Amino acid sequence: MTDFTKQVIEIVSTIPYGKVMTYGDIASCAGNPRGARQVSRILHSLSSKYQLPWHRVINHKGGISLTGEGGFMQESLLIQENINVVNHHIDLTKYRFKIQ
């Protein structure tokens, strides 16, 4: 496992209930500002194994990138965390988690 992958797993694990981060936010914090797609691949392949809150990761516009059943599930999980989702979008100014 690469250092970047380890960092992504650690960062995603720290996103608190009721907050979100973007793929790009996570990539930047993990040391690769251009690694948003890598973050997506890591989440796809390792979320179950590491019990990651994958649903708290959204695109740079505040939108849910998944379509179909996956997008519906993500939206439902975010709503359960009291995150207001409007037309598959989340207000990043209100719900974005920033690592200090």
Side-chain angles (χ1 to χ4, degrees):
M1 182 181 302
T2 68
D3 288 340
F4 180 76
T5 299
K6 290 175 189 174
Q7 285 280 63
V8 168
I9 290 168
E10 183 177 326
I11 292 164
V12 173
S13 296
T14 65
I15 304 171
Y17 181 95
K19 293 292 183 179
V20 297
M21 286 183 81
T22 69
Y23 296 100
D25 291 340
I26 295 165
S28 291
C29 289
N32 183 0
R34 299 179 57 93
R37 286 188 181 174
Q38 283 179 273
V39 171
S40 176
R41 287 186 203 105
I42 291 165
L43 288 175
H44 178 75
S45 61
L46 298 176
S47 285
S48 292
K49 182 176 181 178
Y50 291 96
Q51 302 294 305
L52 299 175
W54 61 270
H55 62 283
R56 296 179 187 150
V57 183
I58 58 176
N59 70 32
H60 72 283
K61 294 180 181 177
I64 293 173
S65 295
L66 299 174
T67 59
E69 189 66 31
F72 176 75
M73 181 186 294
Q74 184 175 15
E75 185 169 330
S76 296
L77 290 168
L78 292 171
I79 290 169
Q80 288 175 26
E81 293 190 15
N82 298 316
I83 294 174
N84 190 23
V85 181
V86 178
N87 294 323
H88 308 291
H89 281 80
I90 294 95
D91 181 354
L92 288 173
T93 61
K94 184 173 182 180
Y95 298 105
R96 178 181 251 155
F97 177 64
K98 295 180 183 174
I99 294 179
Q100 307 300 327

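Any value given below was found using the heavy atoms of this structure, including those in side chains, with hydrogens, waters and symmetry copies removed. Since we're looking at a predicted model, the values are computed, not measured.
Pairing each heavy atom of A36 with each of A27, the nearest pair is N-CB, 3.7 Å. The minimum heavy-atom distance between Q7 and C29, with the atom names listed, is NE2-O, 4.4 Å. Shown here for W54 and Q74, the closest heavy-atom pair between the two residues is CZ3-CB, 3.7 Å. Closest non-hydrogen pair, H60 versus L92, comes out as O-CD1, 3.6 Å. The minimum heavy-atom distance linking N82 with Y17 is given by the pair ND2-OH, 4.2 Å. Heavy atoms only, all atoms of each residue included: P33 and S28 are closest at CA-OG, 3.5 Å.
Atom OG1 of T14 and atom CD1 of I9 lie 12.5 Å apart (nearest 0.5 Å). Once rounded to the nearest 0.5 Å, the distance linking NE2 of H89 with CD of E75 reads 11.0 Å.
Counting only distance, with no hydrogens or angles, the side chain of N59 and the backbone of K61 share a donor-acceptor pair below 3.5 Å. In this structure, K98 contributes its side chain and M21 its backbone to no donor-acceptor pair below 3.5 Å.
Side-chain contact between L46 and T5 is present, with at least one heavy-atom pair separated by less than 4.5 Å. Residues I26 and I15 are in side-chain contact: their nearest non-hydrogen atoms beyond the backbone lie under 4.5 Å apart. Side chains of L66 and M73 form no contact here, defined as non-hydrogen atoms less than 4.5 Å apart. The side-chain heavy atoms of V12 and R56, taken from C-beta on, include no pair separated by under 4.5 Å. Inter-residue side-chain proximity for R41 and Q38 is flagged as met; some heavy-atom pair is nearer than 4.5 Å. Between P16 and F97 the shortest side-chain heavy-atom distance falls below 4.5 Å.
Open room surrounds NE2 on H88; 12 or fewer heavy atoms of other groups in view lie less than 6.0 Å from it.
Tracing side-chain contacts under 4.5 Å through hydrophobic residues (I, L, V, M, F, W, Y), one reaches M1 starting from I42; they form part of the same cluster. Each of V20 and F72 belongs to its own hydrophobic cluster when Ile, Leu, Val, Met, Phe, Trp and Tyr are linked at side-chain heavy-atom distances under 4.5 angstrom.
The only member of V57, I99, V39 that meets side-chain contact (heavy atoms from CB on, under 4.5 Å) when paired with I11 is I99. Of the candidates N84, T22, I83, I90 forms a side-chain contact (heavy atoms from CB on, under 4.5 Å) with just one, namely I83.
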